[in-house]
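Quick notes on the structure that follows.
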Amino acid sequence: MDWIVRNIEEIQRKIAQAAKKSGRTAKDVTLVAVTKSVAAEVINQAIAAGISDIGENRVQEAREKFSSLAPVRRHMIGHLQTNKVNQAIELFDLIHSVDSLRLGEAIARRAARQGKVMPILVQVNISGEATKYGVAPEETLPLVRALSGFVSLEVAGLMTICPAVEDPEEVRPYFRQMRLLKEEIEQQGFPLKYLSMGMSGDYEVAVEEGANMVRIGTALFQKRCDHGA
Ligand SMILES: *Cc1c(COP(=O)(O)O)cnc(C)c1O
């Protein structure tokens with residue numbers, strides 16, 4: 001499956017270029033390979049080719065596949081229901097999609113019972129689209145503050161999903177607002193390690209604006225015939 005190797009190389013090259021524009025290097029950006037609907041054997045090929053982090057958006061699908069995978073860091077990137085929290089804590093290393101105090105509390109309580117400190121990100125609806133999960137920008141600091149009070153949670157950063165657009169330049173202002181929001185919250189005394197934003201269509205712009213974690217599915221796992229052009 002040479003095509004996976006080529007896809008990874010191309011994405012890493014573009015991440016490196018974008019990181020350079022923001023005074024960083026590719027090493028500063030974690031590539032999370034989004035493996036939803038990808039078969040375990042293909043995921044293992046990607047891991048063999050250097051992928052260290054994978055993202056799934058459903059607990060059930062993750063549960064079915066994870067036992068067949070080589071060691072890898074596992075990210076929960078989809079909306080999480082409270083009745084799946086126990087499983088999510090067992091399956092994943094980082095939950096990107098905490099968008100309410102209620103969900104955060106549920107994770108904290110169950111993590112405490114499992115004797116764990118669960119790293120989480122707060123999902124922000126930066127564009128205000130009605131169809132998107134996430135808290136409003138102005139609700140983000142209060143939620144980070146509240147969640148930081150739980151000893152069994154590590155509030156490790158922010159995550160967002162931008163609107164799908166033809167031209168990624170259209171969403172550049174949202175990525176910039178996310179970086180500013182992260183900086184504002186850090187100035188209030190809450191250090192945030194990760195800014196998870198950017199997908200196949202817009203990750204270069206996201207990295208230019210400060211993303212240090214990108215979640216890429218299609219561009220990585222779609223076999224393409226225009227390589228080498
Ligand atoms: C599917 C998904 C991605 C990856 O999207 P692509 O456009 O395929 O790169 C990233 N983040 C989340 C939350 C997703 O559900």
Side-chain angles (χ1 to χ4, degrees), residues 15 18-19 21-32 52-53 55 73-80 82 85 88-89 92-129 132-162 171-199 203 205-215:
I15 288 174
K21 286 188 189 166
S22 62
R24 299 174 298 157
T25 71
K27 284 199 184 66
D28 299 315
V29 183
T30 301
L31 167 57
V32 178
S52 59
D53 293 73
R73 274 191 300 273
R74 300 165 303 186
H75 301 248
M76 172 58 187
I77 60 172
H79 186 65
L80 182 58
T82 40
V85 163
I89 293 168
F92 293 99
D93 299 298
L94 178 64
I95 298 174
H96 288 228
S97 46
V98 176
D99 60 356
S100 69
L101 183 56
R102 185 169 160 271
L103 176 60
E105 266 176 340
I107 297 170
R109 216 173 319 116
R110 289 166 174 85
R113 227 179 281 154
Q114 293 184 28
K116 284 189 184 169
V117 176
M118 189 68 213
I120 57 146
L121 307 182
V122 168
Q123 182 170 354
V124 182
N125 183 357
I126 196 71
S127 63
E129 277 183 300
K132 290 263 191 298
Y133 289 110
V135 291
E138 64 274 16
E139 293 166 1
T140 309
L141 173 60
L143 184 56
V144 167
R145 182 175 278 131
L147 295 175
S148 298
F150 293 101
V151 291
S152 55
L153 291 183
E154 180 199 346
V155 184
L158 305 180
M159 178 271 224
T160 199
I161 303 172
C162 275
V171 288
R172 185 183 290 276
Y174 292 135
F175 291 134
R176 190 169 296 165
Q177 286 166 34
M178 283 295 296
R179 181 187 13 105
L180 295 174
L181 182 61
K182 175 176 178 281
E183 287 171 5
E184 271 172 42
I185 293 172
E186 291 189 300
Q187 279 161 16
Q188 296 299 314
F190 302 98
L192 299 172
K193 206 183 311 177
Y194 298 118
L195 186 52
S196 167
M197 56 186 194
M199 314 193 342
Y203 68 93
V205 173
V207 171
E208 284 171 18
E209 294 300 332
N212 60 10
M213 193 170 260
V214 293
R215 310 175 309 266

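The first residue in the sequence is number 1, and the count goes up from there.
- Side chains of L80 and D99 form no contact here, defined as non-hydrogen atoms less than 4.5 Å apart.
- With hydrogens and angles disregarded, no donor-acceptor distance shorter than 3.5 Å links the side chain of N125 to the backbone of A136.
- The backbone N or O of L192 lies less than 3.5 Å from a partner atom in the side chain of K182, making a donor-acceptor pair.
- Annotation: the span from K21 atom NZ to E209 atom CD amounts to 10.5 Å, rounded to 0.5 Å.
- For the pair S127 (side chain) and C162 (backbone), a donor-acceptor distance under 3.5 Å is absent.
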- Task: Report the C-alpha distance between T160 and Y174 in whole Å, list the side-chain angles of each, state the deciding distance to 0.1 Å, and finish with yes or no for side-chain contact (heavy atoms from CB on, under 4.5 Å).
- Result: CA-CA 9 Å; T160 199; Y174 292 135; over 6 Å; no

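- Between the side chains of R24 and S22, at least one donor N or O lies within less than 3.5 Å of an accepting N or O.
- Contact check for R215 versus S196: side-chain heavy atoms found under the 4.5 Å cut-off.
- Remark: the backbone N or O of R74 is paired with a side-chain donor or acceptor of D93 at under 3.5 angstrom.
- In this structure the side chain of L101 reaches within 4.5 angstrom of the side chain of L147, judged on heavy atoms.
- In this structure, the side chains of R172 and E208 come closer than 4.5 Å at one or more pairs of heavy atoms.
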- Task: For side-chain contact (heavy atoms from CB on, under 4.5 Å), just list the numbers for L141 and E184, CA-CA rounded to whole Å, side-chain angles, deciding distance to a tenth of an Å, and then say yes or no.
- Result: CA-CA 9 Å; L141 173 60; E184 271 172 42; over 6 Å; no

- Task: Tell me, with the steps shown, if V117 and V151 meet side-chain contact (heavy atoms from CB on, under 4.5 Å).
- Result: CA-CA 7 Å; V117 176; V151 291; over 6 Å; no

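- Residue L121 holds its CG atom at 12.0 Å from CE of M76, rounded to the nearest 0.5 Å.
- Summarising the geometry of M178 relative to M197, their closest heavy-atom pair is CB-SD, 3.6 Å, with the distance given to 0.1 Å.
- Smallest separation of non-hydrogen atoms from G78 and S97: O-OG, 2.6 Å.
- Shortest non-hydrogen contact noted between I77 and M159 is O-CE, 3.5 Å.
- For Y133, the OH atom sits in a loose shell: 12 or fewer heavy atoms of surrounding residues, nucleotides or ligands are nearer than 6.0 Å.
- A heavy-atom distance below 4.5 Å is not found between the side chains of V155 and F190.
- Note that CD1 of I126 and CD of Q177 are 5.0 Å apart. Values are rounded to the nearest 0.5 Å.
- In terms of heavy-atom proximity, I161 sits nearest to K132 at O-CE, 3.3 Å.
- Contact of the M213 side chain with the L94 side chain is registered, since non-hydrogen atoms from C-beta on lie closer than 4.5 Å.
- Residues A19 and V207 approach most closely at N-CG1, 3.5 Å, considering heavy atoms.
- Nearest heavy-atom pair, A108 versus S152, reported as atom, atom and distance to 0.1 Å: O-OG, 2.7 Å.
- Proximity of a side-chain donor or acceptor of D28 to a complementary backbone N or O of N212 within less than 3.5 Å is not detected.
- The structure places CZ of R145 at 12.0 Å from OG1 of T140, a figure rounded to the nearest 0.5 Å.
- Using a 4.5 Å heavy-atom threshold, the side chains of I185 and L158 count as touching.
- Taking 4.5 Å as the limit, every side-chain heavy atom of V135 sits out of range of all side-chain heavy atoms of S100.
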